*Asks:* 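I am attaching a structure below and will ask some questions about it afterwards.
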There are 4 protein chains.
Amino acid sequence: MSQIRAAGLQLIYQRGYEGMGLRLLAAEAGIGQSTLYGHYANKQEVLVDLICRHMEELLSCLHRAVPADAPPFARFLTFLRFHLTYHMRRPREVFICYSELRSLEPANLARVTDLRRRYEHALIAIIRDGMAAGVMRRADPRVAAYGLLAMLSGVPVWFDPQGPLSEEEVCAEYIRLAVAAVADPLEAALSDRTIATPLPDSPARKA
Amino acid sequence: MSQIRAAGLQLIYQRGYEGMGLRLLAAEAGIGQSTLYGHYANKQEVLVDLICRHMEELLSCLHRAVPADAPPFARFLTFLRFHLTYHMRRPREVFICYSELRSLEPANLARVTDLRRRYEHALIAIIRDGMAAGVMRRADPRVAAYGLLAMLSGVPVWFDPQGPLSEEEVCAEYIRLAVAAVADPLEAALSDRTIATPLPDSPARKA
Amino acid sequence: MSQIRAAGLQLIYQRGYEGMGLRLLAAEAGIGQSTLYGHYANKQEVLVDLICRHMEELLSCLHRAVPADAPPFARFLTFLRFHLTYHMRRPREVFICYSELRSLEPANLARVTDLRRRYEHALIAIIRDGMAAGVMRRADPRVAAYGLLAMLSGVPVWFDPQGPLSEEEVCAEYIRLAVAAVADPLEAALSDRTIATPLPDSPARKA
Amino acid sequence: MSQIRAAGLQLIYQRGYEGMGLRLLAAEAGIGQSTLYGHYANKQEVLVDLICRHMEELLSCLHRAVPADAPPFARFLTFLRFHLTYHMRRPREVFICYSELRSLEPANLARVTDLRRRYEHALIAIIRDGMAAGVMRRADPRVAAYGLLAMLSGVPVWFDPQGPLSEEEVCAEYIRLAVAAVADPLEAALSDRTIATPLPDSPARKA
DNA sequence: AATGAATGAGCTTTCATTCAT
DNA sequence: AATGAATGAAAGCTCATTCAT
């Protein structure tokens, strides 16, 4: 039930998986405590549902957002904007998916790790292609991808939608950082024109 | 007692603060369960001790490692190397200091947040100075600092000392990313010579 | 649940509130330890329930037993007999209601103190009326009431239903003491005829 | 040590024997926790010491205060005044000696019960003698003694030295009640002259 | 699909007590 | 005589889970 998921998301975000009691989860979802077991086999399943659902949606949205046949640098820019937007709008899911992995039982962790790897490899492939095409500096593409992902994924920690910087401004700032970090300097000089590729679900804007 | 800290560090890293039972902590530390209360007033104090101790040491080492009177770019490089080395060697502390903040009671959280802010401001100041000196691209120094810190701090998530990449190789790779991300392109082209400043406690290497 | 109350009454009487463990209480009541919390929010509530329930019943029985419109001396005699009978038959409740007051949290103590005050004032009013009517010696009615209540309430400390003295004999003996203590000597001389007013729930007897 | 006794008296009075932790007792007495065991074999001994010491002193003071060879009624009056004064001045000891008996181990309880019995029998003997001498109404002397002792011992529950009634006024009021309760009416009429026998350790006063 | 009642296992914390110094 | 450190046992309470309805 979606009310359980909503309550679980909020509670795990605030108190952690171990810190969330099922009593409270049920109360917050507006149902009886034992009714939970009509929807989930046990507590762990609530966490697995939240994490997997988020990561699967992340993956499928990614594939929809990033055209497989575009040139590497365009795919790179699209990826950056997609990732940033998605993460700024789902700070709780992002936090849970990172810091509650340790609460997953091995089999569930393996499932999640696989999803995560597929997402990471999407960026790794983009970077690899970009290097092959000569538009990115030669470097270890895995290290570069991990570095960029960590940088981008850290946004929700401090970003506040009501704060002084708009989502768009933060996007632009981070994209500049990321592009500068990996692009071939010459290409980077040209990239300003293309940074502002609009995302399907975000209001279009021009450079 | 240091044995309690060692056990607490490991257990909180593996199972989280809420997931760590004091029975297990005591057993792991090789003492009776109630003996814990001769060293800490309560469970929370164990966490506070671990987090504060780490952050205070981080701050004091930072101040020792980064000379206040050096030019901005040199300070930047020193900061990067210091931060990376410190974080690669303390993956558990790093993880705890980030993802167990929510388990801190308000007063303790305030104390930790202050320490964290002081550390972040060290990098912000460096970037601000670098921009003023014209060696770094104009950008929001806070955003740049947060972005870089997230990128650098993400290393321990995947870095494995027994893995194919050495600590030094990872350092060099990340420093290239970070420098490229914020440096003025011209300056960056010149920076390769200076990236490999050796740290006192790490084996010297050449660029 | 009444089985919990029965077990709690016995255990608190024997070992005191602080001395009663909830493990033992549950065992004595024939339920699991955590089942207690389905009936009481916490340990204190068990005590509050026992004390308040007894005092409220005491008050309501008193009002049923003592007719408000009878002459003072008749009300006095009825009060004495009622109080004695009630206390001889509930030695454990009486003891708890007196000596566990200190274990009550302030709010609960206030509630109980109010009930107790209402009971005491019933006797004070009787004595005041008796003095106004000239059938009792002039004295401080509060002091007299406290003195008599202490005297009467002390019965369960030594009274043994299986002992040599019957409930009725003890009643008569104490009533003589109490009447002599406060009655106007002339009236007291005449009162022997009226001492033995039968109580509804006690076997009728004649003087 | 007398500081331990003082702290124990206060703590047991406030929180009960079971409710008094030895940590707190030691802190209140200004000594280390384990130092207690240099003075008492265990917690129980602290209680036994307090109770026995009080009852033994009560007994020995009683024998000093009440002359064995005086006529019954004079001894009665002396006893009343002695008991009241002693109890009004030691409310905490009195409370403990009554309501902590249940915390005594059997052997210790027996010892205390014996002391208590000796005290009660002093009054029983006085009443018996009074009846034999014809100055008191015929009644069960044990019941009368228990009734009077309960009445008199209840004073400290409500008496407040700073309150509106002085110690002397309360004494006089209670003595009138007690005398009226057991005296032969004719004798009682004559007794007013003799109520105010002064106690050694209380300021002399006149009727 | 939903629930109230029940429960064994576990939680953090405090207990009275011991012991080496 | 005094103490700091240590400890097994027990405290009150919450946990995730089951089950009959």
Side-chain angles (χ1 to χ4, degrees), chain A residues 1 3-4 15 17-27 29-47 103, chain B residues 1 3-4 15 17-27 29-47 103, chain C residues 1 3-4 15 17-27 29-47 103, chain D residues 1 3-4 15 17-27 29-47 103:
Chain A
M1 222 84 153
Q3 49 191 353
I4 301 179
R15 319 157 76 109
Y17 172 72
E18 300 272 1
M20 171 190 69
L22 293 191
R23 240 197 281 301
L24 188 51
L25 175 61
I31 60 175
Q33 196 184 160
S34 49
T35 307
L36 284 173
Y37 289 85
H39 302 273
Y40 294 99
N42 49 41
K43 190 185 178 185
Q44 170 94 182
E45 288 303 309
V46 179
L47 179 60
S103 294
Chain B
M1 222 82 155
Q3 48 190 355
I4 301 179
R15 320 160 73 110
Y17 173 72
E18 301 271 4
M20 170 190 71
L22 293 188
R23 266 196 253 289
L24 187 53
L25 174 61
I31 60 176
Q33 195 185 151
S34 51
T35 307
L36 283 173
Y37 289 84
H39 303 275
Y40 294 98
N42 48 43
K43 190 185 179 185
Q44 170 95 183
E45 288 302 308
V46 180
L47 180 60
S103 294
Chain C
M1 222 83 155
Q3 49 191 354
I4 301 179
R15 319 159 75 110
Y17 172 73
E18 300 271 3
M20 170 190 71
L22 293 189
R23 272 194 244 289
L24 186 53
L25 174 61
I31 60 177
Q33 194 185 153
S34 51
T35 307
L36 283 173
Y37 290 85
H39 302 275
Y40 294 98
N42 47 44
K43 190 185 179 185
Q44 170 95 183
E45 289 301 310
V46 179
L47 179 60
S103 294
Chain D
M1 223 84 155
Q3 49 190 353
I4 301 179
R15 319 157 75 108
Y17 172 72
E18 300 272 2
M20 171 190 68
L22 293 190
R23 240 197 280 301
L24 187 52
L25 174 61
I31 60 175
Q33 197 183 158
S34 50
T35 307
L36 284 172
Y37 290 84
H39 302 273
Y40 295 98
N42 49 42
K43 190 185 178 184
Q44 171 93 184
E45 287 303 309
V46 179
L47 179 60
S103 294

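Note that the structure is a prediction, hence the values are computed from the model and not measured.
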*Asks:* How long is the line joining CG of D:L25 and P of E:dT17, in whole Å?
*Replies:*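 Interatomic distance, CG of D:L25 to P of E:dT17: 12 Å.
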*Asks:* Here's a test of your reading of the structure: between D:I31 and C:K43, which maps to the more 5' nucleotide of DNA chain F?
*Replies:*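 The residue whose closest nucleotide sits nearer the 5' end is D:I31.
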*Asks:* Please confirm whether any donor atom in the side chain of C:R23 sits under 3.5 Å from an acceptor in the base of F:dA11, or the reverse.
*Replies:*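 It does, because a donor-acceptor pair links the side chain of C:R23 to the base of F:dA11 below 3.5 Å.
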*Asks:* Whole-Å distance between F:dT17 C1' and A:E45 CD?
*Replies:*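 Those two atoms, CD and C1', are 14 Å apart.
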*Asks:* Rounded to whole angstrom units, what separation is found between the CD atom of D:Q44 and the C1' atom of E:dT17?
*Replies:*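 Checked: the CD to C1' distance equals 15 Å.
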*Asks:* Toward the 5' end of DNA chain E, which comes first, B:L24 or D:N42, by nearest nucleotide?
*Replies:*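 Looking at the nearest nucleotide for each, B:L24 comes out on the 5' side.
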*Asks:* Without decimals, in angstroms, what is the distance between A:L22 CG and E:dA6 P?
*Replies:*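 Rounding to the nearest Å, CG of A:L22 and P of E:dA6 are 20 Å apart.
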*Asks:* Report the secondary structure of DNA chain F in dot-bracket form, marking unpaired bases with a dot and bases paired to a different strand with |, and treating Watson-Crick or G-U pairs with both distances under 3.5 Å as paired.
*Replies:* .||||||||||||||||||||
*Asks:* Identify the heavy atoms of B:Y37 and B:N42 that sit nearest to each other, and give their distance.
*Replies:*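 Heavy-atom minimum between the residues: CE2-CA, 4.0 Å.
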*Asks:* Minimum heavy-atom separation for B:G32 and B:A26, please, with both atom names.
*Replies:*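 The pair with the smallest heavy-atom distance is O-CB, 3.8 Å.
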*Asks:* How many Å lie between CD on D:Q3 and P on F:dA1, as a whole number?
*Replies:*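 Taking atom P of F:dA1 as the reference, CD of D:Q3 is at 14 Å.
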*Asks:* Among residues 32-40 of chain A, which residues get a heavy atom nearer than 4.0 Å to DNA chain E?
*Replies:*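 Within residues 32-40 of chain A, the residues near DNA chain E are A:G32, A:S34, A:T35, A:H39.
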*Asks:* Once you round to the nearest 0.5 Å, how far does CD1 of D:I31 lie from CD1 of D:I4?
*Replies:*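 Rounded to the nearest 0.5 Å, the CD1-CD1 separation comes out at 4.0 Å.
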*Asks:* State the OG1-CE distance between D:T35 and D:M1, to the nearest 0.5 angstrom.
*Replies:*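 Going from OG1 on D:T35 over to CE on D:M1, the span is 9.5 Å.
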*Asks:* Does A:Q33 use its side chain to pair, donor to acceptor, with the backbone of A:L25 at less than 3.5 Å?
*Replies:*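 A pair under 3.5 Å: no.
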*Asks:* Nearest 0.5 Å please: distance from the NZ atom of A:K43 over to the OG atom of A:S103.
*Replies:*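 The OG atom of A:S103 is 8.0 Å from NZ of A:K43, to the nearest 0.5 Å.
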*Asks:* Would you kindly compare C:E18 and B:G30 by the position of their nearest DNA chain F nucleotide and give the one closer to the 5′ end?
*Replies:*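 In this pair, the answer is B:G30.
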*Asks:* Let me confirm one number: the OH-CZ distance from D:Y17 to C:R15, rounded to the nearest 0.5 Å.
*Replies:*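 Reported value, rounded in 0.5 Å steps: 12.5 Å.
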*Asks:* If you find the nucleotide of DNA chain E closest to D:G19 and the one closest to A:M1, which residue's nucleotide is nearer the 5' end?
*Replies:*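 Result: A:M1.
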